[in-house]
Amino acid sequence: MDQLRHRHDYTLHGNTGTPIYKGSIDCLMHIVRTEGFFALYRGFIPIYIRMAPWSLTFWISYEKIRQLTGAPSF
């Protein structure tokens with residue numbers, strides 16, 4: 001949905017400065033019609049590659065610290 005928000009907020013029509021999309025739903029429908037459903041997920045892989053190692057490190061560290069301190073689990 002980041003793609004949808006970015007397009008809706010930052011896309012203007014030509015030199016007139018008027019918005020291309022009437023609203024969020026119109027923007028969503030336009031993207032799906034013209035570029036296909038998977039255009040909504042453009043940029044997902046690079047973000048995932050950046051976040052996955054951090055998340056893995058965080059949760060492994062969290063669990064280890066929880067075990068060492070004897071803190072209860074959820």
Could you pull out all donor-acceptor pairs under 3.5 Å where a side-chain atom in residues 33-42 meets a protein atom, sequence neighbours excluded?
{"unit_1": "Thr34", "atom_1": "OG1", "unit_2": "His30", "atom_2": "O", "d": "2.7"}
{"unit_1": "Glu35", "atom_1": "OE1", "unit_2": "Arg7", "atom_2": "NH2", "d": "3.0"}
{"unit_1": "Glu35", "atom_1": "OE1", "unit_2": "Arg42", "atom_2": "NH1", "d": "3.4"}
{"unit_1": "Glu35", "atom_1": "OE1", "unit_2": "Arg42", "atom_2": "NH2", "d": "2.9"}
{"unit_1": "Glu35", "atom_1": "OE2", "unit_2": "Arg7", "atom_2": "NH1", "d": "2.7"}
{"unit_1": "Glu35", "atom_1": "OE2", "unit_2": "Arg7", "atom_2": "NH2", "d": "3.1"}

Give a yes or no on whether Trp59 and Leu68 share a hydrophobic cluster (residues Ile, Leu, Val, Met, Phe, Trp, Tyr; joining criterion: side-chain heavy atoms under 4.5 Å apart).
no

Hydrophobic cluster identity match, Phe58 and Ile65, side-chain contacts under 4.5 Å:
no

How long is the gap from CE on Met51 to CZ on Phe44, to the nearest 0.5 Å?
11.0 Å

Is there a path of hydrophobic side-chain contacts, each under 4.5 Å between heavy atoms, that joins Leu56 and Tyr48?
no

